[in-house]
Amino acid sequence: MKTLTLATTSLALSIGGAAFADGHINKAAVLETYANIAEANYTDSLIAAQRLQAAVNDLVANPSPVALDAAKAAWLAARVPYQQTEVFRFGNAIVDDWEGKVNAWPLDDGLIDYVDATYGGATDENAVAVLNVIANASFVLSGETVDASSITPALLEETLQEADGVESNVATGVPRH
């Protein structure tokens, strides 16, 4: 991926001259350059995410310390190109709609599992800060009884992520540890 990053930097520098030819800004060239760089960054991120998915699939199918280490390494590697795409978020509401499910942090430990009493507890702002879904097969959230007897991606993404509309209730994303 370093090669692609170098290539996009080189592309930006070479097109930069055309974008500012004759002392005038060529808006079309600037936009084309921006789009090309964004596409290269998102392509790198997609490739790394696919490698991460393969490592996670292997870990699930064949749990072992080696597979866990490979999944951790793939996650770390996938973060690099993903973080390079952060610059394209500004002013992009479409990205903001899904970005919190990919890059939310810190993971809300108390929402998911038992935490030491010194962690804190429920507050007026966040009544489910110490819900401990692992220990509770069902619980009430937003006035509805939730079946948590099976922890599924849907439960994490659709019910617990930003539970009760509280942005700090993070059930998916980057763990704090």
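In this text, all values refer to a predicted model and were calculated from it rather than measured experimentally.
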Revision key, fill the gap. Value for CG (L46) from OG1 (T85), rounded to nearest 0.5 Å, stands at 11.5 Å
Point to revise | Non-hydrogen side-chain atoms of V128 and V166 separated by less than 4.5 Å | key: no
Review point. Is there side-chain contact between N41 and I37, with at least one heavy-atom pair below 4.5 Å?
Key: yes
Review point. Is the shortest heavy-atom distance from the side chain of E39 to the side chain of T43 under 4.5 Å?
Key: yes
Review point. Y82 and side chain to side chain donor-acceptor pair (under 3.5 Å): which partner among Q84, E86, R79?
Key: E86
**Study point:** Whether N36 side chain and E32 backbone form a donor-acceptor pair below 3.5 Å
**Key:** yes
Point to revise | Same apolar cluster: W75 and V80, side chain cutoff 4.5 Å | key: no
Exercise for review: Look at the rings of Y42 and F88 and say which category their plane angle falls in: under 30° parallel, 30 to 60° tilted, over 60° perpendicular.
Suggested key: tilted
Check your understanding: So, N169 side chain and E162 main chain: donor-acceptor pair closer than 3.5 Å or not?
Key -> no
Check your understanding: Does a side-chain heavy-atom distance below 4.5 Å link V133 with L111?
Key -> no
Revision key, fill the gap. The reported gap from CG in L59 to CG in L52 (rounded to nearest 0.5 angstrom) is 10.5 Å
Point to revise | Contact summary for A55 and A71, nearest pair of heavy atoms | key: CB-CA, 3.8 Å
Exercise for review: Measure across A67 and D58 and return the closest heavy-atom pair with its distance rounded to 0.1 Å.
Suggested key: CB-OD2, 4.0 Å
Review point. For residues D164 and S142, is any side-chain donor paired with an opposing acceptor at under 3.5 Å?
Key: yes
Review point. With the 4.5 Å side-chain cut-off for hydrophobic clustering, are I25 and L31 part of the same group?
Key: no
**Study point:** Side-chain touch L160/L131, heavy atoms, less than 4.5 angstrom
**Key:** yes
Check your understanding: Taking the side chain from N136 and the backbone from F139, do they hold a donor-acceptor pair closer than 3.5 Å?
Key -> no
Check your understanding: Which atom pair, heavy atoms only, marks the closest approach of D147 to L155?
Key -> O-CD1, 4.3 Å
Point to revise | Minimum heavy-atom distance A171-Q161, with the two atoms named | key: N-OE1, 2.9 Å
Check your understanding: Between CG of D113 and CG of N132, what distance do you get to the nearest 0.5 Å?
Key -> 5.5 Å
Check your understanding: What are the two closest heavy atoms between P81 and A48, and how far apart are they?
Key -> CG-CB, 3.7 Å
Exercise for review: Could you state whether V56 and V66 fall into the same hydrophobic cluster, counting links through intermediate Ile, Leu, Val, Met, Phe, Trp or Tyr residues with side-chain heavy atoms under 4.5 angstrom apart?
Suggested key: no
